[in-house]
Protein chains: 2
Amino acid sequence: MEKSFSEIKELLIRKGLKATHQRIVIYHLLFNSFEHPTAELLFDKLKINNPSISLGTVYKTLDTFVQTGLAEKVLSETGSDRYDANLSSHHHIYYTDTKEIVDFYDSELQDLIIAFLNKKSIPNLKIKDFKIQIHGEKIDMVENQIN
Amino acid sequence: MEKSFSEIKELLIRKGLKATHQRIVIYHLLFNSFEHPTAELLFDKLKINNPSISLGTVYKTLDTFVQTGLAEKVLSETGSDRYDANLSSHHHIYYTDTKEIVDFYDSELQDLIIAFLNKKSIPNLKIKDFKIQIHGEKIDMVENQIN
DNA sequence: TCTTAAATAGGAATTATTCCTATTTAAAAT
DNA sequence: ATTTTAAATAGGAATAATTCCTATTTAAGA
Ligand SMILES: [Mn+2]
Ligand SMILES: [Mn+2]
Ligand SMILES: [Zn+2]
Ligand SMILES: [Zn+2]
């Protein structure tokens, strides 16, 4: 699933973006991150191999990615914005104890909700998409029961 | 549904909080707001009748409410944090064009998802709750179909 | 009414993000 | 391969959102 620099370069050009070194390395790192990183975290990691990259560029580039549909912001209650280049339809588990945000895929749930919303029809609303956050904590045993 | 100052006072005391004037008026305003206001918006409105209230107190008080379970933060991608004293189980519609965040109640959907998550069981996760954001735009016609 | 621990006001400090502009660079044109 | 140029970046200043600090005030119990 890892994308090479040349694949990323093509992707950027396809989106009408200039394929700069900064955009390539930022996208590469974000795409291969599964932690939904902040701009600052990406910046700190990028600096190692790109010592002259600037934090402003990381912010601006992430915003460009969001505008062009190459990435999404992941909602967070605490602190800074987090980003995700995983565009496959998925939701997020928020571990309240460890602060991790972990991808949650479930096509059955996805279909269930889409079917429900299509059936339901909310007056005066054209739905574009929906996002679910599941909040909980890490446990040792396999167990879960809500409500 | 409007709560009187004395009811709010009781509520605060029941939660183990000192029933200060600031907490009472902040809770009162938040509870009767349906816009999921920011701290700054609450502050601006509160100043009219409470000219000496401070923004820091509004922030701190809202945090106290969140900690004691009297209010919740409502996730937002843009700008400042928003708050909600409506604790009945509900989700939110985000109007991308008007920036409004509107309550969405649907016990059928709620039950559907709870049943699904209970059946499913995610390894090593103890689910506490879940939140859904429905993103879309205001339209004139009653219409909706996703995917 | 007195006492006191907790809360507030007001402002300073910090964090997260955006803005500014001189310099650099990707990529189109030659 | 070189030149041109509009767009992007680096680096730092500015701003927005929030938290922190502390002298003063206040709720509530003795
Ligand atoms: Mn915040
Ligand atoms: Mn933000
Ligand atoms: Zn994700
Ligand atoms: Zn709400």
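Note on naming: letters A, B, ... go to the chains in the order of the sequence lines (proteins, then strands), and numbering restarts at 1 for each one.
- Rounded to whole angstrom, the span from the CD atom of B:Glu77 across to the P atom of D:dA16 amounts to 21 Å.
- Between A:Leu75 and B:Ser76, the shortest heavy-atom contact is CD2-C, 3.7 Å.
- Within the structure, every side-chain polar atom (N or O) of A:Ser52 is placed at least 4.0 Å from both OP1 and OP2 of D:dT9.
- Across all strands shown, A:Ser80 has heavy atoms under 4.0 Å from sugar-phosphate atoms exclusively, and none from any base.
- Ring orientation note: the planes of A:His92 and A:His90 are nearly perpendicular, at an angle over 60° on the 30°/60° scale.
- For the pair A:Ile26 CD1 and D:dA10 P, the computed distance is 8 Å after rounding to whole Å.
- In the set D:dT18, C:dA9, D:dA10, the nucleotide with an atom closest to the side chain of B:Ser54 is C:dA9.
- Under 4.0 angstrom from either OP1 or OP2 of D:dA17 there lies no side-chain N or O belonging to B:Thr38.
- For B:Glu35 and B:Arg82, the salt-bridge test fails: no basic side-chain N is under 4.0 Å from an acidic carboxylate O.
- Ion pair B:Asp44/B:Lys47 flagged as a salt bridge, since at least one NZ, NE, NH1 or NH2 atom sits closer than 4.0 Å to an Asp/Glu carboxylate oxygen.
- When distances are taken from the side chain of A:Lys18 to each of D:dA27, D:dT9, C:dT25, the shortest belongs to C:dT25.
- Rounding to whole angstrom units, CG of residue B:Asn50 and P of C:dA7 are separated by 18 Å.
- Distances from the side chain of A:Asp81 to the nucleotides D:dA6, C:dT17, D:dA27 place C:dT17 closest.
- Nucleic acid contact for A:Ala19: sugar-phosphate only, since backbone atoms but no base atoms lie under 4.0 Å from a heavy atom of the residue.
- At the heavy-atom level, B:Asp63 lies nowhere under 4.0 Å from the strands shown.
- The B:Thr57 side chain lies nearest to C:dT8 when the options are C:dA27, C:dA7, C:dT8.
- Rounded to an integer number of Å, the gap from A:Leu12 CG to D:dA7 C1' is 14 Å.
- Under 4.0 angstrom from either OP1 or OP2 of C:dT18 there lies no side-chain N or O belonging to A:Tyr59.
- The separation between A:Leu17 atom CG and C:dA27 atom P is 10 Å, rounded to whole Å.
- Taking atom CD on A:Glu10 and atom C1' on C:dA27, their separation rounds to 16 Å, with Å as the unit.
- Side-chain proximity of A:Lys60 to the nucleotides D:dT9, C:dA9, D:dT19 is greatest for D:dT9.
- Projected onto DNA chain D by closest heavy-atom contact, B:Tyr83 and B:Ile13 fall at different nucleotides, the more 5' of which corresponds to B:Tyr83.
- Whole-Å rounding puts the B:Arg14 CZ to D:dA28 C1' distance at 18 Å.
- Both B:His21 and B:Leu55 lie close to DNA chain D; mapped to their nearest nucleotides by heavy-atom distance, the more 5′-ward contact belongs to B:Leu55.
- The aromatic rings of B:His28 and B:Phe5 stand perpendicular to each other, their planes meeting at an angle above 60°, with 30° marking the opposite boundary.
- For the pair B:Asp97 and B:Lys138, the salt-bridge criterion is not met [side-chain N within less than 4.0 Å of a carboxylate O].
- In this structure, CD of B:Gln22 is placed 18 Å from P of D:dT24, rounded to the nearest angstrom.
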